[in-house]
Amino acid sequence: MSTEHTEVAVVGAGLSGCLLAAFLARRGYPVALYERRPDPRTGPVDRGRSINLALSERGLDALRRIGLDARVMADALPMRGRMIHPVDGEPQFQAYSAAGDRAINSISRGALNNALLTEAAALPGVRVAFDHRLVDLDPATGEMTFETPQGKVTAAASVVLGADGAGSAVRGQLLGHGLLRESLDFLDYGYKELTIPPLGGTFALDPEALHIWPRGTSMMIALPNPDRSFTCTLFWPTHGTASFASLGSPAAIEQHFAQHYPDLLPLAPNLVDDYLHNPVGVLGTVRCAPWQVNGRVGLLGDAAHAIVPFYGQGANCAFEDVVELDRCLDECADDWSAALPLFHHRRQANAEAIARMALANFVEMRDRVASPLFQLGRRVEQTLERALPGRYVSRYELVSFSTTPYAQVRRRVRRQHQLLGAVAGGAAALLAGVVGAAFRRGRRG
Ligand code: FAD
């Protein structure tokens, strides 16, 4: 199929859709970018999505390729580690990297989306249609139907790419035509956003850290914003005796936070109001296959593989998808019928790896980070990283500060832990031998 000049439709002008449109336009494709919302640069801000997010090396690598990294990073706030807030006592800082110099970046989701949209829309060949919600798709012909404020309209494209998020309508259409299998695993946890406003004109907490209040069955995190506020995200079961459903009255909310998050209460004067009015978002993992049909319809980003947010990698992974799809188009000389299957083949194991690591990190963040044993383990790990630079590298470092494919990260970390186990076992055996010999000598003497 010669597609050099045929139009590609990208459904969803979110983070991955805008980046994808920019990459495709740079390859010379005419691109129609369809978005169900009005133009976010002029319309009201979408509530209920995370306000800020952590951008790390994978996302930055993608932005660098289109020269957008400096513009996005101009408003980023680097976070060099975790600040753990116990119920009693002082907060403790844990650096993300052994040398303490590496940082993940808190950025505004809206500002990032707008920067990508502006970049894509300015490129020759890109046409953006807002207020276009995809409601129907014929995977055989590429004919799409959209609901718009003026009624239903149809359009067609040689290639249709679904970048329309976790609840993807494109995925739904492929499912409806029996062309795809999917599984949706929802957590019984939801999330709610709360705000810590600036205090006396400055940040109320250290802005160079991602703040965590690990509480076992619940957890709260806070990321800094350029206006010197923090956005907190409370993760808690949606139902049960200790859950979002269990707090109804302002007094109960205040009492709960006073008991479990005592240092937050004086910093968040609108806490009760935020709590009562902000929605509870759902969290889950989306898996599906195949991610493409006949080289004509494809999925990427959350539409193909939404994950839980506990590694701060969903958007980073979605950006990496775009880079990989671009690479596949290079290798397949823009033959979509070869490039889309290759893309699925290369990315699926990586998406599955980060999905699993993100779930595992939830347990680490809500529970283990507070334990002295975990903190000792991190110190041992960072000592090894300094002693064996490039040879022993922690999982966090590989995920957040490298572009090593996620599946390779999992394999490498497993090998490192086996080695560590063997070394620890050997050391224990050696120690037992030395102690035993000394004991025997003692008995003899
Ligand atoms: P989206 O950003 O969801 O974009 C989809 C777009 O498609 C939207 O604009 C939507 O309006 C549009 N759309 C939907 N349906 C239709 C339709 N039928 N027709 C037309 N348009 C449609 N990731 C990180 O990397 N770091 C983080 O720190 C981080 N924190 C997070 C915190 C929370 C609480 C959550 C929930 C997620 C977090 N993520 C984070 C994940 C990240 O938000 C997603 O992975 C990322 O937004 C995926 O981008 P996307 O372009 O695939 O989808």
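When a ligand or atom number is given, it counts from 1 through the structure's own listing order.
Only the side chain of Arg37 comes within 4.0 Å of ligand 1, judged by heavy-atom distances. Counting heavy atoms under 4.0 Å from ligand 1, residue Arg109 touches it through the side chain alone. Only side-chain heavy atoms of Val11 come within less than 4.0 Å of ligand 1; its backbone N, CA, C and O stay farther off. Under 4.0 Å from ligand 1, the heavy atoms of Ala163 that appear belong solely to its backbone. Under 4.0 Å from ligand 1, heavy atoms of Ser16 appear from its side chain as well as its backbone. Residue Phe146 does not touch ligand 1, judged by heavy-atom distances below 4.0 Å.
Ligand-side atoms of ligand 1 in range of His132: 19 (N), 20 (C), range being under 4.0 angstrom from any heavy atom. Close approach to Ala169 involves these atoms of ligand 1, each under 4.0 Å from a residue heavy atom: 18 (N). Near Gly301, meaning under 4.0 Å from one of its heavy atoms, ligand 1 places the atoms 52 (O). Within the listing of ligand 1, atoms 18 (N), 19 (N) sit less than 4.0 angstrom from a heavy atom of Arg133. Of all the atoms in ligand 1, the ones that sit under 4.0 Å from a non-hydrogen atom of Leu15 are 2 (O), 47 (O), 51 (O). For ligand 1 and Ala54, the ligand atoms under 4.0 Å from any heavy atom of the residue are 24 (C), 25 (O), 26 (N), 27 (C), 28 (O). Near Gly165, the atoms of ligand 1 lying under 4.0 angstrom from a non-hydrogen atom of the residue are 3 (O), 5 (C), 53 (O). Applying the 4.0 Å criterion to heavy atoms of Gly12 picks out, from ligand 1, the atoms 6 (C), 7 (O), 12 (C), 21 (N).
By the 6.0 Å contact criterion, CD on Gln255 is open, its count of non-hydrogen atoms from other residues, nucleotides or ligands being 12 or less. Within a 6.0 Å sphere centred on NE2 of His345, other residues, nucleotides and ligands contribute 12 heavy atoms or fewer. Atom CZ of Arg133 is surrounded by 12 or fewer heavy atoms from other residues, nucleotides or ligands within 6.0 Å. Atom CZ of Arg41 has more than 12 heavy atoms from other residues, nucleotides or ligands within 6.0 Å.
For the pair Ala166 and ligand 1, the shortest N or O to N or O distance does not fall below 3.5 Å. Not one N or O of Leu300 is nearer than 3.5 Å to an N or O of ligand 1, by distance alone. Distances between N or O atoms of Asn316 and those of ligand 1 include at least one value under 3.5 Å. Taking any N or O of Phe235, backbone or side chain, none lies under 3.5 Å from an N or O belonging to ligand 1. For Asn52, no nitrogen or oxygen atom sits less than 3.5 Å from a nitrogen or oxygen atom of ligand 1, counting backbone and side chain alike.
Looking at Gln313 and Met357, their side chains never come closer than 4.5 Å, going by heavy atoms from C-beta outward.
When every heavy atom of Arg58 is checked against every heavy atom of Leu398, the shortest pair comes out as NH2-O, 3.0 Å.
Between Tyr396 and Asn361, the side chains place no donor N or O within less than 3.5 Å of an acceptor N or O (distance only, hydrogens not considered). In this model, no donor atom of one side chain and acceptor atom of the other lie less than 3.5 Å apart for Ser394 and Gln416. A donor-acceptor contact closer than 3.5 angstrom links the side chains of Tyr261 and Ser218.
Between the choices Leu116, Leu299, Leu134, Asp302, the shortest heavy-atom distance to atom 19 (N) of ligand 1 belongs to Leu134. Between Asp131, Asn105, Asp164, it is Asp164 that holds the heavy atom closest to atom 14 (C) of ligand 1. Considering Gly162, Ala304, Ala358, Gly314 only, the shortest heavy-atom separation from atom 41 (C) of ligand 1 involves Gly314. With distances taken over non-hydrogen atoms, the option nearest atom 34 (C) of ligand 1 out of Phe319, Tyr191, Tyr34, Phe310 is Tyr191. Heavy-atom proximity to atom 32 (C) of ligand 1, evaluated over Pro309, Gly281, Cys18, is greatest for Pro309.
None of Trp213, Phe244, Phe310 except one satisfies the ring pair (Phe, Tyr, Trp, His ring centres under 6.0 Å) rule with Phe235; the exception is Phe310. Evaluated for a side chain to side chain contact (heavy atoms under 4.5 Å, CB included) with Leu271, the options Ile196, Thr195, Ile253 yield exactly one hit, Ile253.
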- [ ] Apply side chain to side chain donor-acceptor pair (under 3.5 Å) to the pair Asp334 and Tyr29, showing each step before the final yes or no.
- [x] CA-CA 10 Å; Asp334 287 273; Tyr29 285 97; 2.6 Å; yes
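Using a 4.0 Å cut-off between charged nitrogen and carboxylate oxygen, Glu57 and Arg102 do not count as a salt-bridge pair.
His260 has its ring centre no less than 6.0 Å from the ring centre of Trp236.
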